[in-house]
Visitor: 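First, the structure itself, so that you have it in front of you.
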Amino acid sequence: MIRPGWGLLAPLLLLTPLTACSQDPHEAYCEVVEEQRPDLSETVADGSPAALLEALPSLEALEDAAPRDLRDEWDLVTGRVRELRDALADAGLDPATYDRAESPAGVTEAERARIDAAARELVARPTVEALAGVQQQARDVCGTPLTL
């Protein structure tokens, strides 16, 4: 026999072990921040024009681990980097050597326009704000910056 009042508490008591064992999504994310920070730091310090493209695997790892409240920001940042990567790849260009001022022969005007649009979106205000947001969250919640 269930006593009055226990009927409402029973489901909560059954769920307690499940929630007690689950890992805090921010804690798991912070672990990935720690794991990816050396690679991100090295890539950024390199100063290569293609640094964000080279950092894409680390950015994607952070995106995959991001808690729900950061998902939109990471999706925007990595999506914009992928757009530029894909535009350059589809034009057959090496991101490390591409120079817009001296576009190689064979690059069509449509390909060049797509690359330019992707590059503009990457430095557009929404992307910059999203990147600033995930950097700030790493400092505030994880106690560490994304890069050294």
Side-chain angles (χ1 to χ4, degrees), residues 8-9 11-148:
L8 295 174
L9 292 176
L12 293 176
L13 293 173
L14 291 173
L15 291 177
T16 301
L18 296 175
T19 56
C21 294
S22 68
Q23 188 175 21
D24 175 13
H26 287 92
E27 181 180 327
Y29 174 70
C30 291
E31 289 174 11
V32 176
V33 168
E34 289 288 338
E35 291 169 7
Q36 297 302 320
R37 191 177 62 205
D39 289 340
L40 281 172
S41 297
E42 184 179 324
T43 303
V44 170
D46 178 38
S48 162
L52 274 177
L53 297 172
E54 294 166 10
L56 187 56
S58 292
L59 299 175
E60 289 173 329
L62 290 161
E63 174 188 29
D64 291 343
R68 189 172 305 180
D69 61 328
L70 288 178
R71 181 64 63 177
D72 290 344
E73 288 88 349
W74 274 118
D75 288 348
L76 179 64
V77 170
T78 57
R80 298 280 168 87
V81 175
R82 284 186 202 107
E83 288 173 22
L84 181 58
R85 177 203 59 196
D86 294 348
L88 290 164
D90 290 349
L93 299 171
D94 178 3
T97 59
Y98 176 68
D99 180 358
R100 186 190 184 285
E102 297 179 26
S103 209
V107 175
T108 67
E109 189 57 41
E111 290 169 330
R112 187 175 171 160
R114 181 176 172 210
I115 293 166
D116 289 348
R120 278 191 307 276
E121 289 299 317
L122 191 55
V123 297
R125 183 183 195 120
T127 312
V128 171
E129 288 175 352
L131 189 53
V134 296
Q135 288 175 338
Q136 188 63 50
Q137 191 274 352
R139 283 187 205 96
D140 293 348
V141 175
C142 301
T144 186
L146 290 174
T147 59
L148 297 172

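Start at 1 with the first residue, then count along the sequence. Reckoned from all heavy atoms, side chains included, excluding hydrogens, waters and symmetry mates. None of these values were measured; they are calculated from a predicted model.
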Visitor: Can you tell me which residue among Leu70, Val141, Val33 is in a side chain to side chain contact (heavy atoms under 4.5 Å, CB included) with His26?
Guide: Val141
Visitor: Within this structure, what is the CG-CD distance for the pair Leu56 and Glu63, rounded to the nearest 0.5 Å?
Guide: 8.5 Å
Visitor: Say you draw a straight line from CD of Glu83 to OG1 of Thr127; how long is it, rounded to the nearest 0.5 Å?
Guide: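 Interatomic distance, Glu83 CD to Thr127 OG1, rounded to 0.5 Å: 8.5 Å.
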Visitor: To the nearest 0.5 Å, how far apart are CG in Leu59 and CD in Gln36?
Guide: 8.5 Å
Visitor: One pair to check against side-chain contact (heavy atoms from CB on, under 4.5 Å): Leu62 and Leu146. What are the steps and the verdict?
Guide: CA-CA 10 Å; Leu62 290 161; Leu146 290 174; 4.2 Å; yes
Visitor: CZ/Arg100 to CG/Asp116 distance, rounded to the nearest 0.5 angstrom?
Guide: 4.0 Å
Visitor: Taking all non-hydrogen atoms of both residues, which atom of Arg112 and which atom of Val107 are closest, and how far apart?
Guide: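 Nearest pair, atom of Arg112 first, then Val107: N-CG1, 4.1 Å.
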Visitor: Please confirm whether the backbone N or O of Asp39 pairs with a side-chain atom of Thr43, one donor and one acceptor, at under 3.5 Å?
Guide: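 Yes, because the side chain of Thr43 sits within donor-acceptor range (under 3.5 Å) of the backbone of Asp39.
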Visitor: Does the side chain of Glu129 reach to within under 4.5 Å of the side chain of Leu76, using non-hydrogen atoms?
Guide: no
Visitor: For Glu42, is the CD atom crowded, meaning more than 12 foreign heavy atoms sit under 6.0 Å from it?
Guide: no
Visitor: Can you pull out every salt bridge (charged side-chain N to carboxylate O under 4.0 Å, His left out) where at least one residue sits in residues 47-61? Sequence neighbours excluded, please.
Guide: Glu60-Arg82
Visitor: Using 0.5 Å steps for rounding, measure from the CG atom of Leu40 to the CD atom of Glu35.
Guide: 12.0 Å
Visitor: Per the disulfide bond (SG atoms under 2.5 Å apart) rule, what does the pair list look like for residues 81-129, sequence neighbours excluded?
Guide: none
Visitor: Looking only at non-hydrogen atoms, find the nearest pair between Pro95 and Leu53 and report the distance.
Guide: CB-CD1, 3.3 Å
Visitor: Between atom CG of Leu52 and atom OG1 of Thr78, what is the distance when rounded to the nearest 0.5 Å?
Guide: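 Between Leu52 CG and Thr78 OG1, I get 11.0 Å after rounding to 0.5 Å.
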Visitor: Identify the heavy atoms of Tyr29 and Ala66 that sit nearest to each other, and give their distance.
Guide: CD1-CA, 3.5 Å
Visitor: Output all residues satisfying side-chain hydrogen bond (donor to acceptor under 3.5 Å, both in side chains) with Asp90, sequence neighbours left out; order by chain, then residue number.
Guide: Arg114
Visitor: Which heavy atom of Leu84 sits nearest a heavy atom of Ala119, and at what distance?
Guide: CD1-N, 4.1 Å
